[in-house]
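By convention in this document, chain letters (A, B, ...) are assigned in the order of the sequence lines, proteins followed by strands, and residues within each chain are numbered from 1. Only this structure's heavy atoms are used, side chains among them; waters, hydrogens and symmetry mates stay out.
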Number of protein chains: 2
Amino acid sequence: MEISKAEFDVLNAIWESFPCSANEIVNRLDNEKNWHEKTVKTLLGRLVKKGAIAFEKDKRRYLYHPLLEKEAYQLTESKSLLDRLFGGRISPLVANFAQQQKLKQDDIDELKKLISDWEKQND
Amino acid sequence: MEISKAEFDVLNAIWESFPCSANEIVNRLDNEKNWHEKTVKTLLGRLVKKGAIAFEKDKRRYLYHPLLEKEAYQLTESKSLLDRLFGGRISPLVANFAQQQKLKQDDIDELKKLISDWEKQND
DNA sequence: TTTATTTGATTACAAGTGTAATCATTAATT
DNA sequence: AATTAATGATTACACTTGTAATCAAATAAA
């Protein structure tokens, strides 16, 4: 399922909290984007058509909710990026960031914790 | 500069080794993709137009080379993914992979090395 | 109940994309 | 020198995307 950039922004707004009405979504996006309400509605329609979200009628309003979960999307997107750009391995990406001085102490701490957890589990 | 999927595949073939002729690129892609020679030529043209690659004439052949370096592209793409999906932090992505049992001992070893290098540098 | 309003559905339209085919130029061959 | 062959440039065309405006249906208001 291909989600376009604009569609993603809408989907992302839905992930924030759902179910939610179109208006709610328009409001959430109003901070970030400068989209006409009609534009958001169009994108909602396209997301429904693609099966990324669904809705239930509540009187004349539709209440939308994701079918595609954020975690699943994160996983396939990051896997796709790693495959395309880093031969499917995660460490080259981290190395890239390290090289560019994009790693902070916090990141290092979290990575260390992840590693020790992993080692506990895989012992 | 927006690089489309198909354009990326061509650019990626060029990164393998350059400068190289259109035919060379067609051959490299022939293993992976099933593209007509004309299709590859079109994509080369679009990449040139976008400023992602350039060429020099060698008789009637053009020899192409990237203007956009792989490392730069890797960095902006992965930064964009992290920003969109993980709040700009790298550890949630690693955590995601860990959770899905996508981390192997090799990855862990490399991550540990990256961390110790980072710590040496930032002491 | 008629009218006004809200909201999703349909339509619009230009730019980008995937996927080539044809045109034109230039180099190689006869 | 004329013809052929190779290769980039131009054109093609349907589908997607960004960005809405208009249409239609249903509900709320008068």
Side-chain angles (χ1 to χ4, degrees), chain A residues 1-14 18-68 73 76-77 80 84, chain B residues 1-14 18-68 73 76-77 80 84:
Chain A
M1 184 193 336
E2 285 292 310
I3 306 291
S4 83
K5 268 174 207 294
E7 285 160 10
F8 170 80
D9 289 326
V10 172
L11 180 54
N12 205 27
I14 297 177
F18 51 86
C20 54
S21 71
N23 258 353
E24 173 73 30
I25 297 167
V26 168
N27 287 336
R28 286 182 197 167
L29 286 167
D30 216 30
N31 302 346
E32 318 281 325
K33 302 282 165 182
N34 215 21
W35 280 339
H36 196 283
E37 169 219 2
K38 298 296 187 183
T39 301
V40 177
K41 300 274 179 79
T42 298
L43 293 169
L44 283 171
R46 291 182 183 168
L47 284 168
V48 169
K49 196 167 173 191
K50 291 184 177 182
I53 66 178
F55 59 82
E56 289 157 329
K57 290 198 179 181
D58 170 46
K59 305 279 168 96
R60 74 179 140 187
R61 265 151 232 204
Y62 284 15
L63 292 186
Y64 294 90
H65 60 92
L67 292 179
L68 176 56
Y73 186 77
T76 60
E77 286 301 294
S80 145
R84 283 187 311 123
Chain B
M1 183 194 335
E2 284 291 308
I3 306 291
S4 84
K5 268 175 206 297
E7 286 160 9
F8 170 80
D9 288 326
V10 172
L11 181 53
N12 205 25
I14 297 178
F18 53 85
C20 54
S21 70
N23 257 352
E24 172 74 31
I25 297 166
V26 168
N27 286 337
R28 285 182 198 168
L29 287 167
D30 216 28
N31 302 346
E32 318 281 325
K33 302 282 166 182
N34 217 21
W35 281 337
H36 195 285
E37 170 218 1
K38 299 297 186 182
T39 302
V40 177
K41 300 274 179 80
T42 298
L43 293 169
L44 283 170
R46 289 184 184 167
L47 284 168
V48 168
K49 195 166 172 192
K50 289 184 178 182
I53 66 178
F55 59 80
E56 289 159 330
K57 290 197 179 181
D58 170 47
K59 305 279 170 96
R60 74 179 141 187
R61 264 151 232 206
Y62 285 15
L63 291 186
Y64 295 91
H65 61 93
L67 291 179
L68 176 57
Y73 186 78
T76 60
E77 285 302 295
S80 146
R84 283 189 309 126

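Counting to the nearest Å, the P atom of dA27(C) and the OH atom of Y62(B) are 11 Å from each other. For the pair R61(A) CZ and dA9(C) C1', the computed distance is 18 Å after rounding to whole Å. In this structure, K33(A) atom NZ and dG18(D) atom C1' are separated by 11 Å, rounded to whole Å. Here the C1' atom of nucleotide dA9(C) and the CZ atom of F55(A) are 10 Å apart, to the nearest Å. D58(B) places its CG atom 12 Å from the C1' atom of dA27(C), with the value rounded to the nearest Å. The distance between atom CG of L63(A) and atom C1' of dT7(C), rounded to the nearest whole Å, is 13 Å. E37(B) has its CD atom 10 Å from the P atom of dA6(D), to the nearest Å. Taking atom NZ of K41(B) as the reference point, atom P of dA6(D) lies 11 Å away to the nearest angstrom.
Across L44(A) and V10(A), no two heavy atoms sit closer than the pair CD2-CG1, 3.6 Å. The shortest heavy-atom contact between L11(A) and A52(A) is CD1-O, 4.3 Å.
Atom CG of N34(A) has 12 or fewer neighbouring heavy atoms from other residues, nucleotides or ligands inside a 6.0 Å radius.
The distance from atom NZ of K41(A) to atom CG of N23(A), rounded to the nearest 0.5 Å, is 6.0 Å. The distance from the CG atom of L43(A) to the NZ atom of K33(A) is 10.5 Å, given to the nearest 0.5 Å. For the atom pair L29(B) CG and E37(B) CD, the distance stands at 12.5 Å (nearest 0.5 Å). Within the model, atoms CG of L47(A) and CZ of F8(A) stand 11.0 Å from one another, a figure rounded to the nearest 0.5 Å. Going from atom CD of E32(B) over to atom CG of D9(B) covers 8.5 Å, rounded to the nearest 0.5 Å.
Within residues 19-32 of chain A, no residue has a heavy atom under 4.0 Å from DNA chain D.
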Requested in this report: Can you check each nucleotide of nucleotides 22-29 of chain D against protein heavy atoms at under 4.0 Å and return B for base, S for sugar-phosphate only, - for none, in 5' to 3' order?
Outcome: B----BS-
**Report entry** Sugar-phosphate or base contact per nucleotide [nucleotides 14-19 of chain C; S, B, -; heavy atom under 4.0 Å]
**Finding:** ---SBB
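Among pairs with a residue in residues 49-58 of chain B, those fulfilling salt bridge (charged side-chain N to carboxylate O under 4.0 Å, His left out) read E7(B)-K50(B), at least two apart in sequence or across chains. Applying the ring-ring contact (aromatic ring centres under 6.0 Å, His included) test to pairs two or more places apart or on separate chains, those with a residue in residues 38-58 of chain A are F55(A)-Y62(A), F55(A)-Y64(A).
For the salt bridge (Lys or Arg N to Asp or Glu O under 4.0 Å) test, residues two or more places apart in sequence or in another chain that qualify with K5(A) are E2(B).
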